Amino acid sequence: MTELTELTAVRLLEGYRKGEWDPVEATRAALERAEVIQPEVNAFVRLTAEEALEQARESEERWRRGEPRGLLDGVPVTVKDILLQRGAPTLRGSKAVDPAGRWDEDAPSVARLREHGAVFIGKTTTPEFGWKGVTDSPLSGITRNPCDPSRTAGGSSGGSAAAVALGAGPLSLGTDGGGSVRIPASFCGIFALKPTYGRVPLYPASAFGTLAHVGPMTRDAADAALMMDVIGHPDSRDWSALSAPAGPYTDTLAGGVRGLRVAYSPSLGGQVAVRPAVARAVRRAVERLAELGAYVTETDPDLTDPVEAFHTLWFSGAARVTQHLGPHQRELLDPGLREICARGARYSALEYLAAVDVRMDLGRRMGRFHDTYDLLVTPTMPLTAFEAGAEVPKGSGHRRWTGWTPFTYPFNMTQQPAASVPVGTDADGLPIGLQLVAARHRDDLVLRAAHTLFEARVASAGRPTPSGS
């Protein structure tokens with residue numbers, strides 16, 4: 001019998017059309033899976049079983065009539081608890097947020113999923129206000145890696161990554177301000193896309209400004225393209241949203257990589273110490289791109305690590321998001337968040353604008369780089385998942401999470417599309433991710449190249465099995 005929790009959204013929808021299974025069966029399977037994995041990995045803030053089953057029954061009736069509502073009718077989805085979802089508190093990993101709010105509005109991406117008939121099974125965990133690259137918070141505790149619960153799932157969309165990896169719904173909405181869909185995708189062995197800034201509207205506006213993106217977290221690139229065809233449209237509540245794309249992303253997947261100019265940067269010019277197992281897996285995938293017809297050149301983009309400028313922008317945003325809190329509420333915050341908020345509050349306007357200058361220059365240099373190269377390939381992460389509950393790996397010498405994720409945050413600063421593709425595991429069975437980056441507005445190239453890797457079986461999102469299952 002087909003295990004429904006193993007299937008992609010594309011395959012579930014095919015089964016609905018053929019009458020092989022129905023949305024109620026798929027939703028029950030996803031909810032049961034979520035309940036099994038929750039004690040061990042802690043992927044969810046809350047499950048909404050009753051509401052989800054009602055949505056699934058309505059979807060089942062539409063399919064019975066041959067009148068599906070949209071592109072995702074009856075597909076179980078999860079939503080990171082940073083994004084508003086009507087009828088469910090959005091606590092953002094914080095004890096300082098009052099759950100007794102009205103909660104009567106959907107974020108734009110959530111609204112688009114609802115319009116297309118998606119079934120919402122739960123809200124996933126996040127560090128407080130999504131501030132760091134691992135997922136633990138004073139509100140919901142530690143989210144653990146689906147391949148090894150002693151390790152971190154990454155963050156800040158760690159709950160979403162763990163849910164998708166373990167079959168609790170094939171689709172999840174995450175957010176990414178410095179790597180927050182790509183880091184956990186790499187650590188958990190799934191696919192995730194940070195789209196071009198503005199491609200997926202965001203409301204309310206993030207305190208982290210134009211660093212913050214919304215993106216799909218899925219089992220493969222085809223599901224992400226389908227999800228982008230739903231969520232990648234403008235919303236009047238986001239003044240910075242882009243106009244509608246020229247056509248469906250799903251129509252661009254089959255183009256392959258023949259003739260694409262690919263720049264392969266194994267370590268950003270020696271700036272990043274990459275673990276050997278990671279380097280080998282990424283290089284093998286790059287060699288396969290060349291075999292499939294891409295013109296691959298080992299070269300590095302013209303950039304130096306912009307971490308101090310990123311810190312100025314990021315820490316200032318954290319200070320802003322907590323500015324309204326009183327002394328008692330501040331005592332409830334994650335100590336690391338309190339620390340960066342205090343630092344962010346001390347920056348002057350001139351220091352902030354100097355960081356913006358660094359960002360603009362970085363964007364200029366990457367724009368020129370993509371005049372020559374269609375795609376940039378790097379490791380997503382220089383390492384695999386480390387111990388759960390820590391902001392930085394033990395003995396690394398890093399002070400903040402940005403120290404161990406230097407491949408991700410530069411492309412939030414430049415607003416470029418970037419994805420993490422699962423391309424293997426290390427000797428401990430921990431997943432390894434490859435990062436694909438394209439010029440702004442070329443999300444189609446990222447999805448196309450990623451899909452090619454999945455089709456060639458270089459990439460795969462195999463589902464781990466927690467010991468509690």
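For the single chain, residues carry numbers from 1 onward in sequence order. Fair warning: this is a prediction, and the values are worked out from it, not measured in the lab.
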_Which residues pass the salt bridge (charged side-chain N to carboxylate O under 4.0 Å, His left out) test with Glu20, not counting sequence neighbours?_
Arg11

*asked:* If the condition is salt bridge (charged side-chain N to carboxylate O under 4.0 Å, His left out), which residues does Glu105 pass it with, not counting sequence neighbours?
replied: Arg237

Using 4.0 Å as the upper bound for N to carboxylate O, is an ion pair formed by [Y] and [X]?
| X | Y | value |
| --- | --- | --- |
| Glu3 | Arg33 | no |
| Asp104 | Arg86 | no |
| Glu14 | Lys18 | yes |

*Going through the distances and angles, do Phe386 and Trp404 end up as a ring-ring contact (aromatic ring centres under 6.0 Å, His included)?*
CA-CA 11 Å; Phe386 52 89; Trp404 49 265; 4.9 Å; yes

Tell me yes or no: between the side chains of [X] and [Y], is some donor less than 3.5 Å from an acceptor?
| X | Y | value |
| --- | --- | --- |
| Thr312 | Arg359 | no |
| Tyr197 | Ser240 | yes |
| Asn145 | Thr152 | no |
| Arg182 | Asn412 | yes |
| Thr143 | Thr125 | yes |

*Can Val79 and Thr124 be said to form a side chain to side chain contact (heavy atoms under 4.5 Å, CB included), step by step?*
CA-CA 6 Å; Val79 177; Thr124 58; over 6 Å; no

*Mind checking whether Pro68 and Tyr16 have side chains closer than 4.5 Å, heavy atoms only?*
no

*Under the ring-ring contact (aromatic ring centres under 6.0 Å, His included) test, which residues partner Phe315, sequence neighbours left out?*
His311

*Walk me through it: do Arg275 and Asp426 pass the test salt bridge (charged side-chain N to carboxylate O under 4.0 Å, His left out)?*
CA-CA 10 Å; Arg275 290 193 182 169; Asp426 68 7; 5.8 Å; no

